[in-house]
Amino acid sequence: MTAPASIKTRFAPSPSGHLHVGGARTALFCWAYAKGRGGTFILRIEDTDQKRSSDAASIGFAKDLRWLGIDWDEGPEFEGCGGGPNGSYFQSQRLPIYEKHLRALLDSGKAYYAFETTEELAALRDAAKRENRPFRYTASLAPARSEAEVAALRESGKPAVIRFRTPPAAITIEDEILGSATIPAGETDDFVICKADGFPTYHFAVVVDDELMGVTHVLRAQEHFNNSAKHIVLQDALGFRRPIYGHLPLIFNPDGSKMSKRDKDKVLRKGLAEKGVSAPPDGTVDPARFAAWLKDKTTQLELEESTALAAHFGITLPEINVDDFRRSGYLPEVLCNFLSLNGWSPGGDLEKFDNEFLRTHFDLPRVVKTPAKFDRAKLLSFNMTAITTMPRDEFVRKVAAHGAAFHPRFMEKLSEGQFRGLCDASHERSKTLDDLFRTNGFLTVADDALLIDPKAVKKVLEGGSPTGYEHLKALRERLGATDDWSVAGLEAAIKPYAESAAGGNLGTVAQPLRVALSGGTVSPPIFDTLAILGKASATKRIDLCLAHCPATL
RNA sequence: GGCCCCAUCGUCUAGCCUGGUCCAGGACACCUCCCUUUCAAGGAGGACACAUGGGUUCGAAUCCCAUUGGGGUCACCA
């Protein structure tokens, strides 16, 4: 067979925490590259670090990937994706495979046991640093031992790692995105390929799996660039093929810092400080844990804890992970589109496209070499365009699904008719699927529990001539006599009043109403707000508001 | 610090490979005005970049070199 082997890419996350947007973009590009060329896309779980990996994280990754519209041909089985002849796709379940190849390297003298403890290595590194020279581990650092001595040490149970005997030669990495780069001899040291706990290191597992799974193209973040040198020497030693490499530019925060969960902690600390919070509300975080966290800025809360705290205090945490963006009401297709634009472009002026377009157009030469700063404002703009241009029914459907998932209490309190009315009033002003829930809390509080912003009272109700209260009182009479509470009916009832009492300036009469109904100066258009609330609730709110007005009226 | 990589508006980028059509295009953000029922949105304008210095060339954003700046990496984490 001389036909070119079909293309095979893989996304290989380590299942700790949540799927980061950077990882999502890597997955997207790997997926698009393979699928656009009739190839195969693999999802492989790199769980060789026992301490950090969790099943929950693996499932979370799979879910996030599916939400983004990414499917995999081989990998863990999830919602119809995965399976395949090269399993297991969990590295922790492939230990015998790694051991076999480790054995071969050991037997041929290309790898050796090393017995230094973590502390000893740290001391060596420190010493090197003091002398201002780089530390590189080589076999010559360890005392010369005969085979029998090594065997005896092994026998005694002394912890040992296996190191690769890196050949003393320069290594050239051919990269489809960056071009080729040569790492000088001696830069790559005798790195560890098997840890003391018997698990292979990332370097070893990746090389073995990519070979065995038939991976032809390795697309990964640029932070792995130097690792490729290690992988190449390993491939040579094991007699493996060399895949084609492509290292993708990194994605940073606008200030150039790394996007990490630390960012959430920072915002949360700041928000809590501004609000003067010194103890956690019940049901959010354990008080002792909270106190410890507050004291030590280097520690971080669990994601669930910070999310609960932020929700309680109305603090908006920066989105970092894919599920953060989902929670915030971004559309998956928009996130994919925007992520693709960070590091790749189809050329020309086109920038709005879907995954199908990406699949058929993505290529390596057009990947940019420079790191990108993640611009949420532009993402938000894309999201709004997508939302406001979708059909109304689709919007209602998506908002309802979002509400069911993230705002069940809100959904319960609204009737179907009210919800539909709210959607009609909010569609064209929604930047996210979450906006409507965040900004219309006044709809779900009891009429007599509505808090009115004092600043709004002062400005809108007490101010003006006639005052807002006076308008409100007049409006209350008209509304009481109105039975048609449709948006059009309400408009017909109120507009004439605005004509006669405010010279046609609807704003003058709408704002007092808005404050009485919503407690603040921002709400959906006033006729919609009235209609959604309904006559009973709206008139009650106005009455309650009027009851608080100064006696001078 | 060693090694590797990179360098166009504030940001994401087009153009660069195959020098002239680029006094550098688009998008988001920003500014001004208009519209307006709050918040948004919308309409019309506007400001804004080839990091610097040397070459090569009739001609350079595009090719070469240096400087500066940025990033990555130097783990029994991936």
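A, B, ... follow the sequence lines: proteins, then strands. Residue 1 opens every chain.
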(message) If the condition is side chain to side chain contact (heavy atoms under 4.5 Å, CB included), which residues does A/S180 pass it with, not counting sequence neighbours?
(response) A/T172, A/E174
(message) Under 3.5 Å for both donor-acceptor distances, Watson-Crick or wobble: does B/C16 have a partner, and if so which one?
(response) none
(message) Using the ring-ring contact (aromatic ring centres under 6.0 Å, His included) criterion, which residues pair with A/F374? Sequence neighbours excluded.
(response) A/F325, A/F338
(request) Assign each of A/G348 and A/P200 to its nearest nucleotide of RNA chain B by heavy atoms, then name whichever residue's nucleotide is nearer the 5' end. (result) A/G348
(request) For the residue pair A/H20 and A/N321, confirm or rule out a side-chain donor-acceptor distance under 3.5 Å. (result) no
(message) Within the 4.0 Å limit for protein heavy atoms, which parts of nucleotides 33-45 of chain B are touched? Write it as a string from 5' to 3', B for base, S for sugar-phosphate only, - for none.
(response) ----BBBBS----
(message) Tell me which nucleotide, if any, is Watson-Crick or G-U wobble paired with B/A75 when both distances must be under 3.5 Å.
(response) none
(message) Measuring to OP1 and OP2 of B/G2, would you say a side-chain N or O of A/K129 lies under 4.0 angstrom away?
(response) no
(request) Taking only the side-chain nitrogens and oxygens of A/K195, find out if one of them lies under 4.0 Å from OP1 or OP2 of B/C76. (result) no
(request) For A/F357, enumerate each residue passing the ring-ring contact (aromatic ring centres under 6.0 Å, His included) test, keeping only those at least two apart in sequence or located in another chain. (result) A/F353, A/H361
(request) Name all residues meeting the side chain to side chain contact (heavy atoms under 4.5 Å, CB included) criterion together with A/A492; count only those two or more places apart in sequence or in a different chain, and write none if there are none. (result) none
(message) Which nucleotide wins on minimum distance to the side chain of A/D349, given the candidates B/G10, B/G25, B/C76?
(response) B/G25
(request) With sequence neighbours excluded, give me every ring-ring contact (aromatic ring centres under 6.0 Å, His included) pair touching residues 485-515 of chain A. (result) A/H471-A/Y497
(message) I'd like to compare against my own output: the B/S/- annotation of nucleotides 62-71 of chain B with a strict under-4.0 Å heavy-atom distance to protein.
(response) ---------S
(message) Any base atoms under 4.0 Å from A/E223, or only sugar-phosphate, or nothing? Heavy atoms, all strands.
(response) sugar-phosphate
(message) Which is more 5' along RNA chain B, the nucleotide nearest A/A377 or the one nearest A/P249? Just name the residue.
(response) A/P249
(request) Classify the side chain of A/K378 versus the base of B/A27 as yes if they form a donor-acceptor pair under 3.5 Å and no if they do not. (result) yes
(request) For A/F395, check ring-ring contact (aromatic ring centres under 6.0 Å, His included) against everything at least two apart and list the hits. (result) A/H427
(message) Taking ring-ring contact (aromatic ring centres under 6.0 Å, His included) as the definition, give me every residue that meets it alongside A/F191, ordered by chain and number, with sequence neighbours left out.
(response) A/F164, A/H203
(message) Please give me every residue in residues 335-344 of chain A whose heavy atoms get under 4.0 Å of an atom in RNA chain B, ordered by residue number.
(response) A/L341, A/N342, A/G343
(message) My understanding is that only residues two or more places apart in sequence, or in another chain, count here; which of them pass side chain to side chain contact (heavy atoms under 4.5 Å, CB included) with A/K352?
(response) A/N337, A/F382, A/T385
(request) Please determine if a side-chain N or O atom of A/R133 lies less than 4.0 Å away from the OP1 or OP2 oxygen of B/G2. (result) no
(message) If the test is side chain to side chain donor-acceptor pair (under 3.5 Å), which one of A/H231, A/R44, A/R242 qualifies with A/D210?
(response) A/R44
(message) Holding to side chain to side chain contact (heavy atoms under 4.5 Å, CB included), I want the full list of residues that pass it with A/E120, two or more places apart in sequence or in another chain.
(response) A/E116, A/T117
(request) May I have the distance from A/R44 (atom CZ) to B/A78 (atom P), rounded to whole angstrom? (result) 13 Å
